[in-house]
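Just below is one structure, and these are the notes that go with it.
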Protein chains: 2
Amino acid sequence: MPSTRDRLIDAAFALFEERGFDETTVDDVAARAEVGRTTFFRAFRSKEDVIFPDHDAMLGAVSARLATATAATVEVAVTEAAHVVLAHYLAEGTRAQQRYRLTRSVPALRSREVASLLQYQQVFRTFLHGWTGGTARADLRAELLANAVVTAHNHVLRRWLRETITAGEAEAEFATSMDEVLRIFADPAPSVGGTAVVVLRSDQPVESLLPALREVVARPET
Amino acid sequence: MPSTRDRLIDAAFALFEERGFDETTVDDVAARAEVGRTTFFRAFRSKEDVIFPDHDAMLGAVSARLATATAATVEVAVTEAAHVVLAHYLAEGTRAQQRYRLTRSVPALRSREVASLLQYQQVFRTFLHGWTGGTARADLRAELLANAVVTAHNHVLRRWLRETITAGEAEAEFATSMDEVLRIFADPAPSVGGTAVVVLRSDQPVESLLPALREVVARPET
DNA sequence: CTGTCGGTGGGACTGAGTACCGTGTCAAGT
DNA sequence: ACTTGACACGGTACTCAGTCCCACCGACAG
């Protein structure tokens, strides 16, 4: 016998799929789960929350992963933290896609989903702020990067949710997308392939920069 | 005598400020505006909507500005479209800051605000998608850029809403922030003022790259 | 047998949002 | 002057989400 909470989740997904979200009352859900209406609101704060049952747990998992980072492993931590979420959705399988259909068609659920997205961005932002903070420019960059990570993750996730790509392809695209994001935000100069391109700027003639150039080229990596 | 709609807006802001959002009923707002409750719901879809009275108009203004763009003026269009929103908030003055305090303290209003943010991102995204679309990588970049523009705008706007900077400073920071965003997403090597120097790293000695450098520097713009 | 504690159910209540109907007003059109 | 119709508004009644409070029940300890 599954737990009361799980029975409520199953009942909710089933009924929302059958009749639609607005056409289903909390009473209906509670009735199908064979519990009282009060019990529903003890398990979930609202009718919408039952669609995102483990959002809080995910948020905690992301925070936990980020907390293990050091200054040298910020990028890895960010990537893996985002991957925790992706992996969870992929593991959910059908249910995640069912939720996606619901969030597309019901405005209330859509805004709920967006609100949870913002929470992820918040977590990434405060994390990055801790490592890169300081100047106003750094703050902006931290926020942009946090945002970009979540956006890239969602971009890939959505493609899987729409069933345009398989789970395996999603994993691969996630990796390349995160690389793309980190490359875009890497400063000061992105490096593509075997050749690194560095951009300096000055008003002096090219020849006078040669010593500086020599130093840059001699350094193995940025 | 201001219009019924305007009286409702004034009444709502006043009461939400005095008693708080949750402690104020729609009846209260309607009563202070000296209209019936029904009239409130005819003017606004929900109790939250009265806080964002001209959001729809803003969305339209942004779309309109973007629609005038050509392939050559995409960046300018994006910048100016975002600026339309900033300018509107700055013109609102006190009321915008009042709204900000409300959205910080009331979760329901916060998620409503976030939902409207997403609509802006959507507009920018479909716009950019139209100009840059094609490959999966281009799609991702378009979404990232749309996101970054909205994020940068909001970053600056928030600083003004918190009254950490003045309206004039907000304008200046907006310009530099948008430059920063466009620079981050510019590919592959941005050139700003003065002389641009591109350094290629390879296995060959620096001197052998001089002809290539000279050619790059000679070219006026990327 | 008694206390109590966690999970549960029920019933009453508030308030948002909707549907429907009635009314006053203003501006033609005749 | 009378009708007609569009329009904005007010009132009533209803559904349903969410809250509050109280009662119940089984487990478990003393």
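We name chains A, B, ... by the order of the sequence lines, and we start the count at 1 in each one.
- To the nearest angstrom, C1' of dG15(C) lies 14 Å from CZ of Arg19(B).
- Ser46(A) and Arg112(A) are linked by a side-chain donor-acceptor pair at a separation below 3.5 angstrom, with hydrogens and angles left out of the test.
- For the pair Phe21(B) CZ and dA16(C) C1', the computed distance is 10 Å after rounding to whole Å.
- Each of Arg95(B), Gln97(B), Arg99(B) was scored for a side-chain contact (heavy atoms from CB on, under 4.5 Å) with Tyr89(B), with one residue passing: Arg99(B).
- Below 30°, between 30° and 60°, or above 60°: for Phe127(B) and Trp131(B) the angle between ring planes is above 60°, a perpendicular geometry.
- We find that CZ of Arg5(A) is positioned 19 Å from P of dG6(C), with the value rounded to whole Å.
- In this pair, His83(B) and Phe174(B) present their aromatic rings tilted. The plane angle is within the 30 to 60° band.
- Note that the first and last nucleotides of DNA chain D, 5' to 3', having any atom under 4.0 angstrom from a heavy atom of chain A are dC16(D) to dT19(D).
- Residues Thr24(B) and Leu15(B) share a closest heavy-atom pair of OG1-O, 3.5 Å.
- Shown for residues 37-49 of chain A: residues whose heavy atoms fall under 4.0 angstrom of DNA chain C, namely Thr38(A), Thr39(A), Arg42(A).
- Phosphate proximity of dG7(C) to Thr4(A): absent, as no side-chain N or O sits under 4.0 Å from OP1 or OP2.
- For His55(B) and Tyr120(B), the distance between ring centers is under 6.0 angstrom.
- Scanning all heavy atoms of the two residues, the minimum distance from Val156(A) to Ile165(A) falls at O-CD1, 4.1 Å.
- With sequence neighbours excluded, no residue forms a side chain to side chain donor-acceptor pair (under 3.5 Å) with Ser177(B).
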